[in-house]
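Working notes, structure below.
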Amino acid sequence: MMAKSANEDQLFIGIDGGGTKCRATIYSAQHGVLGTGLGGPANPLHGLERTLESIMVSTQLAMRDAGLQLETIHQVYAGLGLAGVNLPSLYEKITEWEHPFKQMFLTTDLHTACIGAHEGGDGAVIITGTGSCGFSHVKGQSVNYGGHGFALGDKGSGAWMGLEAIKAVLVELDGLGPQTALTQIMKNHFNAVNAMDIAEQMAGQPSSSYAKLARYVFDAAHQGDVIALAIVKDGAAYVSQLAHRLLANNPPRLSMIGGLAEPLNKWLDPEIAKRVEMPKQPPEMGAIYFAQQSVLEQDQKVAL
C-alpha cells in the first residue's frame, strides 16, 4: 500500500529515468495523480547534463499538466529512481546537484520499479527496456543482478538486441556471415548501400539508438529469420536465467517492466512466463512511495 504523508495536501513527484526516456508524476495523498510529464534519456552513465535536463523537462511538463505554477516545485518532495546510480560515482554526482525540490531522495530505477510493482511489498522485478537488470527485495534484504550498462552487459535488452542485429548485418554485408532478413531491413532504415554507411551512422551512438532497432529484430524473428530468432531466443534465455536467479530468493511476486517485457514474454521459459505478474504500479509511483517513506522515516527520527 502507498504510504500516507502526515499532510495529505503535501505534493510529491516521482521520477523514473532510463536510457531512453524520463517520466515524472505529480501526486498528493488526498487527490492522487495530478499530472504527468515525459522527457528524454536520463541515465547519467551516458551524460550527466542530459540527465538533469531530462529530469527538469519531465518535471516542468508534469507541473504544467497538474495546473501548478512552476515555482511550486520548491514545495515538492521528489523521489528519483535513475538508471546508472548503482555506480557510486554517479550517485554522488546526482546527490551534489543543486536541485529545485523541497527535498530529493535518490535511488536506482530498479529499486523504485520494484517498490511500484509490488506497492511496497516484497517482490522481484526485471527491467527489460533499453537496458536489462534484475532486483529483488525480500524480508529486508535487497539484491540486484546485471545492470552493468551498455555494452558491457544489458543482455536481453533493446540496446543489446539492436547491437547484435547491426553486428550480424555488417558481417553479412562484408560477405563473412550468413544471410539475414535484417540486412535489407537495416539498409532501408538507414537508407544505406553498404556496411560503411551503417557503421558511420551508428558510430558513437548511445544505447537508446540501438534500442530503437529492437522492434526490427522481433519483426524478423516472427517471420522466421534464423539470425533474428537466434538473437531473440538468446536474449530471452538470459532473462529467464535472471528470473530463476531472482526466484531463488523466494520473492512472493515477480514482475517485468520495460518496452520489451511484453514482446519477450512468449520467448521465456514457460515456467518463468507463468510466474510473471503485472506490476501493480508503475516505477514513477514507486519513486513517490520511496519519497513518502523517506519523509515519514525522517519525521519519525525528528520526533524521537
Note, Met196 side chain near Gln201 side chain (heavy atom, < 4.5 Å): no
Aromatic ring proximity Tyr210/Phe150, centre distance under 6.0 Å: yes
Enclosure of Gln60 CD (heavy-atom neighbours >12, cutoff 6.0 Å): yes
Other residues, nucleotides, ligands: >12 heavy atoms within 6.0 Å of Glu262 CD: no
Salt-bridge present (Asp197, Lys187; N to O < 4.0 Å): no
Student check: side-chain heavy atoms of Val232 and Phe218 closer than 4.5 Å: yes
Centroid-centroid distance, Phe12 to Tyr27, less than 6.0 Å: no
Pairing of Lys167 and Glu164 as salt bridge, 4.0 angstrom limit: yes
Glu297, CD: over 12 other non-hydrogen atoms inside 6.0 angstrom: yes
Give every donor-acceptor pair under 3.5 Å between a side-chain atom in residues 65-74 and any protein atom, sequence neighbours left out.
residue : atom : partner : partner atom : Å
Asp65   : OD2  : Thr36   : N            : 2.9
Thr72   : OG1  : Gln69   : O            : 2.8
His74   : ND1  : Pro100  : O            : 2.9

Residues that Leu229 engages under side-chain contact (heavy atoms from CB on, under 4.5 Å), provided they are two or more places apart: Ala221, Lys233, Trp267
Donor-acceptor pair between Asn188 and Gln184 side chains, under 3.5 angstrom: yes
Which atom of Val217 lies closest to which atom of Leu182, heavy atoms considered: CA-CD2, 4.0 Å
Side-chain touch Leu82/Tyr91, heavy atoms, less than 4.5 angstrom: no
All side chain to side chain donor-acceptor pair (under 3.5 Å) counterparts of Lys21, not counting sequence neighbours: none
